[in-house]
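The model shown is predicted, which means the values in this text are computed figures rather than measured ones.
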Amino acid sequence: MRLNQMASQGGSTVDGADLVVRDQVLGGLGDLARQLRERVARDGDHARAATAGAATELTADGVDMGSALYAVHDAWITKLSTLMDACAHISNHLDYSRSAHAKDEQKIVTDFSVSRVWDAIK
């Protein structure tokens, strides 16, 4: 057991631990969530203008399907925005978790030096 330095992997591991934090894994997951958000924003929006245009033309021509297409358009935009927000939230939370864990590790290392442990034992 070492109390005077952090683990070289940047995360703590304990045999039989229920939770192991690995910085590289959290970082990779955060990057994936960020990339997914960017892709959803790009690919999920490409039919928006055409759908709105079709809805406008159908409505102008007196076709009832125009208003239904507007409803689908609006629902899609809402769901797309919700999905993008969720991806951003996941990415931000993983970044925060990485940062908080690194700060906790550093605090443990500084607060529990070998000399302080020996002083507590004595």
Side-chain angles (χ1 to χ4, degrees):
M1 171 165 51
R2 286 188 220 159
L3 296 176
N4 62 347
Q5 69 184 47
M6 289 176 39
S8 61
Q9 296 175 344
S12 60
T13 59
V14 177
D15 291 343
D18 290 336
L19 176 64
V20 176
V21 176
R22 299 202 190 284
D23 190 58
Q24 297 86 355
V25 174
L26 291 179
L29 290 172
D31 289 343
L32 286 173
R34 192 174 303 106
Q35 291 168 10
L36 179 60
R37 184 191 184 285
E38 291 168 2
R39 187 166 178 193
V40 165
R42 181 185 66 242
D43 296 344
D45 195 45
H46 82 255
R48 181 187 47 78
T51 303
T56 299
E57 288 181 29
L58 288 170
T59 301
D61 291 341
V63 178
D64 291 339
M65 193 169 127
S67 62
L69 193 52
Y70 266 129
V72 169
H73 171 270
D74 293 345
W76 177 258
I77 296 302
T78 299
K79 300 300 180 192
L80 184 65
S81 177
T82 300
L83 180 58
M84 289 170 41
D85 289 347
C87 290
H89 180 75
I90 290 167
S91 177
N92 291 340
H93 182 71
L94 289 170
D95 287 344
Y96 172 80
S97 295
R98 290 176 69 197
S99 174
H101 180 71
K103 288 176 187 173
D104 290 345
E105 285 288 312
Q106 187 59 42
K107 181 166 177 40
I108 289 169
V109 168
T110 21
D111 287 355
F112 294 104
S113 66
V114 173
S115 62
R116 288 192 65 194
V117 171
W118 280 116
D119 289 343
I121 293 173
K122 293 178 186 179

My understanding is that only residues two or more places apart in sequence, or in another chain, count here; which of them pass salt bridge (charged side-chain N to carboxylate O under 4.0 Å, His left out) with Lys103?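 Lys103 satisfies salt bridge (charged side-chain N to carboxylate O under 4.0 Å, His left out) with no other residue.
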
Drop me the distance from His93's NE2 to Leu29's CG, to the nearest 0.5 angstrom.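 That separation rounds to 11.5 Å.
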
So how far is it from Arg98 CZ to Leu26 CG, rounded to the nearest 0.5 Å?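 Taking CZ in Arg98 and CG in Leu26, the distance rounds to 7.0 Å.
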
Donor-acceptor list for residues 34-42 side chains, cut-off 3.5 Å, not counting sequence neighbours:
residue: Arg34; atom: NH1; partner: Asp31; partner atom: OD1; Å: 2.7
residue: Arg34; atom: NH2; partner: Ser91; partner atom: OG; Å: 3.2
residue: Arg34; atom: NH2; partner: Asp95; partner atom: OD2; Å: 3.0
residue: Arg39; atom: NE; partner: Asp43; partner atom: OD2; Å: 3.1

Leu69: hydrophobic cluster co-members (side-chain, 4.5 Å):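 Members alongside Leu69: Leu58, Val63, Met65.
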
Any pair counted as side chain to side chain donor-acceptor pair (under 3.5 Å), so long as it reaches residues 49-64, sequence neighbours left out: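 Residue pairs with at least one partner in residues 49-64: Thr56-Tyr70.
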
Please check if Leu94 and Val25 belong to a single hydrophobic cluster, counting links between Ile, Leu, Val, Met, Phe, Trp and Tyr side chain heavy atoms closer than 4.5 Å.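 Same cluster.
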
Return all side-chain donor-acceptor pairs below 3.5 angstrom for residues 71-90, not counting sequence neighbours, or 'none' if the list is empty.
residue: Trp76; atom: NE1; partner: Gly44; partner atom: O; Å: 2.8
residue: Thr78; atom: OG1; partner: Asp74; partner atom: O; Å: 3.0
residue: Thr82; atom: OG1; partner: Thr78; partner atom: O; Å: 2.9

Apply side chain to side chain donor-acceptor pair (under 3.5 Å) to Asp104 and list each qualifying residue two or more places apart in sequence or on a separate chain.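 Counting only residues at least two positions away or on another chain, Asp104 forms no side chain to side chain donor-acceptor pair (under 3.5 Å).
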
